[in-house]
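Report on one structure; see the data block that follows.
So that the names make sense, note that chain A is the first sequence line, chain B the second, and so on, each numbered from 1. All values derive from a computational prediction rather than experimental measurement.
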There are 2 protein chains.
Amino acid sequence: MVEELDPRKKRILQAIIQEHIISASPIGSRTLAKKYNLDVSPATIRNEMADLEDLGYLEQPHTSAGRVPSDKGYRYYVDQIVSREKNEAPGVIENIENLYQDLQDVQDIISGMAKMLSNMTHYTAMVSEPKSQVSRLKKVEIMQLADNSLLLVLVTDAGMVNNKIINLDQSLSTGKISYLNKFLSEKLENKLLANLDTRYLKEVEKELMARLDLSVGLFKQFYNEFEGAFEPGGVKVYLGGTSYILEQPEFNDLEKVKKMLRLLDQEEMLNKIINSISGSDLEIKIGQENEVEDIKNCSLVVATYYISNRAVGKIGVIGPTRMEYPRVISSVDVISDILGKLISKASG
Amino acid sequence: MVEELDPRKKRILQAIIQEHIISASPIGSRTLAKKYNLDVSPATIRNEMADLEDLGYLEQPHTSAGRVPSDKGYRYYVDQIVSREKNEAPGVIENIENLYQDLQDVQDIISGMAKMLSNMTHYTAMVSEPKSQVSRLKKVEIMQLADNSLLLVLVTDAGMVNNKIINLDQSLSTGKISYLNKFLSEKLENKLLANLDTRYLKEVEKELMARLDLSVGLFKQFYNEFEGAFEPGGVKVYLGGTSYILEQPEFNDLEKVKKMLRLLDQEEMLNKIINSISGSDLEIKIGQENEVEDIKNCSLVVATYYISNRAVGKIGVIGPTRMEYPRVISSVDVISDILGKLISKASG
DNA sequence: GTTAGCACTCTCCTTAATTGAGTGCTAAAA
DNA sequence: TTTTAGCACTCAATTAAGGAGAGTGCTAAC
């Protein structure tokens, strides 16, 4: 499937893609000959283009229009032509790091990085929260707010803080609360969230009931919160630069814009999209390669970010298949590094 | 300025507005005569329409087009014709309350209500977080996460929970932390947030320094957090149903859509918009009446919601001036009531 | 293998013609 | 005095037609 193209075909394919990325319209042989030093005449280019079309790298919207890269063409471009080096201007990385280094709050860092990425690429950016399943519960604490109202605070070692207010049908004495705190700390802290499943929590409940005289309903409320707080499907996705998609000529059609915005409005969909990307460091999905139907005319560039060498979340951009891959790849790469660093630092 | 219209003019104005809300296009005399039982001929209606135009209630996009309501026309309609009764179907209120009554988290309630409101009205909904200035600080607590990393948790009586991770350049003993907790509880809890200003916090700091041997930098970090956590300008605004604006024919122009979406992307702008609304219970701003330039072709219907009889936040919708006011007014009214109730309940 | 030349194709833009909804005015009817 | 019918007029929106332009594929010569 991935045949090697002869150098001239390769150069022509690259030129077409680069030109198409700029102009967003079909590219003809004359334009190509004029703008790129290919040292051959338009007629020759035409022959090569016909070959490239036969091989599936190009498409023709209609007879007598120029050629447009196909998904396969972009795939070849991304795999065989584009270098994956980070080529940000020197100092950019340091500047961004400095700009955000004072942020302590993980959620702030994430949404800040989403905005930064969308500003850099001029596409819509999405970041998933650090995945809890590979995180450990660093701290669990219960605080009394009022007679029958408690605040449960959960902190993971990725720095995610989650709090839930719990209303009880009975009040707890200060002693019982401090016992409960000690007990929960012992049983739950430093455990992998993945291990805090219903089975384990049931056990803990049993043990607790044996030691402390509590109403049956209380602990049930707790572990509802646990399960809800960090459940795998419910990863929050942060968006940045939604309005950038409107600047793409392929979204000149109002119907398409509507579809896209409705998609981005639904958090479950974003989850599905960002989680459909496999685990590799930097993954690119082009057009039809996407699993989610509604974005089969879009491309995704998604990187995984790491906290203390553990893969925890994804960050990427979504744009038209006609995307400035070299620039975007570099930006996503850089920002995912910075994101990992910032969170590691903030969560101590 | 607000002259009383004779009954026939009033009926005609009402008919034109109702028809225009449905069709989104200029209304002619013949259509009106056919669809509404006005018992006069089109010619008579034409004369009345000319009068209404002279009075400023109607506008004509161009000679030989029908008439369109002006801002003044809508204002008259809203003030003099539309009843402000809640006319939701029986049971709807109870259903919504039941649906959301299990939510304990104030942020969840707010974003849920934003979504609900946008679904009911088919316009974009916005809700501001409970305003902190009139809230009291119910609970302040510091938890140790690691040697030199603390978690500061703040809870207001409106149920808003705010947490910040603070990294120190020194570590604190358990004793000092528990002293700090007791001290801060005494000094800060049950105070109005409005009173926790820099001046007061400076005082507290002084007193603390006198009693406890702490590095000068520590408390500074704390009150940076305090000020940042609940500052008045930084009210978060929750959006729901952004894509609904695209369904309005007045946004058939891509440029307008872009402008609008860019506007909604900026949180500061939303703040400015929702805070430009004065304090009355249910306020309607029509077109030019809006202060923010970019929404002078939109209408706002905003209600204030209350927690224990204190005005704390705003909830409303934004849509084209050609808005279904009666339905929207009722929905906003109902949802603001429910929102207040739900938050009151959740925050005990 | 490469290139020039040429007929052919298809979209896009501009211009012109047509249609249709709606008005304002005038004069007659109520 | 108010209402209505009749009619000429206006203007946006739609349709039709006629280039203009960009590009291709093919053939024949280099």
Side-chain angles (χ1 to χ4, degrees), chain A residues 5-13 15-20 22-70 73 249-250 252-254, chain B residues 5-13 15-20 22-70 73 249-250 252-254:
Chain A
L5 296 177
D6 70 64
R8 192 168 69 186
K9 282 199 176 53
K10 199 167 163 178
R11 273 225 315 284
I12 289 177
L13 178 58
I16 289 177
I17 292 184
Q18 282 176 5
E19 193 59 23
H20 181 66
I22 297 168
S23 71
S25 45
I27 311 300
S29 54
R30 249 173 64 88
T31 327
L32 226 52
K34 252 187 289 180
K35 285 208 184 176
Y36 295 79
N37 290 337
L38 296 170
D39 293 327
V40 283
S41 76
T44 312
I45 296 178
R46 274 205 288 286
N47 290 332
E48 294 286 44
M49 281 162 85
D51 288 353
L52 283 168
E53 185 174 356
D54 286 343
L55 291 169
Y57 294 102
L58 295 178
E59 280 166 1
Q60 211 172 12
H62 56 87
T63 347
S64 92
R67 300 305 205 292
V68 156
S70 67
E250 24 272 280
N252 258 343
D253 182 6
L254 255 166
Chain B
L5 296 176
D6 70 66
R8 193 168 68 188
K9 283 198 175 56
K10 199 165 163 178
R11 273 224 316 284
I12 290 177
L13 179 58
I16 289 177
I17 291 184
Q18 283 177 4
E19 192 60 23
H20 180 65
I22 298 168
S23 72
S25 46
I27 311 301
S29 54
R30 250 174 62 89
T31 326
L32 225 52
K34 252 187 288 181
K35 285 209 184 175
Y36 295 78
N37 290 337
L38 297 169
D39 293 327
V40 283
S41 76
T44 312
I45 296 177
R46 275 204 288 286
N47 291 330
E48 294 286 43
M49 282 162 87
D51 289 351
L52 283 168
E53 186 174 357
D54 287 341
L55 291 168
Y57 294 103
L58 295 179
E59 280 165 3
Q60 212 171 11
H62 56 86
T63 346
S64 93
R67 300 306 207 291
V68 156
S70 67
E250 23 273 281
N252 259 342
D253 182 7
L254 254 166

Quiz item: Is there a side-chain contact between Asp51(B) and Lys9(B) (heavy atoms, below 4.5 Å)?
Solution: yes
Quiz prompt | Check: Leu13(A) and Leu58(A) side chains under 4.5 Å, non-hydrogen atoms | solution = yes
Quiz item: Atom CZ of Arg8(B) and atom C1' of dT4(D): how far apart are they, to the nearest Å?
Solution: 12 Å
Quiz item: Once you round it to whole Å, what is the distance between C1' of dT3(D) and CG of Asp6(B)?
Solution: 15 Å
Quiz prompt | Other residues, nucleotides, ligands: >12 heavy atoms within 6.0 Å of Asn37(A) CG | solution = no
Exercise. For the pair Ser29(B) (side chain) and Arg46(B) (backbone), establish whether a donor and an acceptor sit closer than 3.5 Å, ignoring hydrogens and angles.
Key: no
Practice problem: Taking the side chain as every heavy atom from C-beta outward, state whether Ile16(B) and Tyr57(B) have any pair of such atoms under 4.5 Å apart. | Solution: no
Exercise. Examine dT4(D): is either OP1 or OP2 under 4.0 Å from a nitrogen or oxygen in the side chain of Thr44(B)? Give yes or no.
Key: yes
Self-check item: Test side chain to side chain contact (heavy atoms under 4.5 Å, CB included) applied to Arg11(B) and Tyr36(B), step by step
Solution: CA-CA 10 Å; Arg11(B) 273 224 316 284; Tyr36(B) 295 78; over 6 Å; no
Quiz item: Could you run down nucleotides 9-30 of chain C 5' to 3' and tag each one B, S or - for protein heavy-atom contact under 4.0 Å?
Solution: BBS----------BBB------
Exercise. Figure out the CD1/P separation between Ile45(A) and dA4(C), and round it to whole Å.
Key: 12 Å
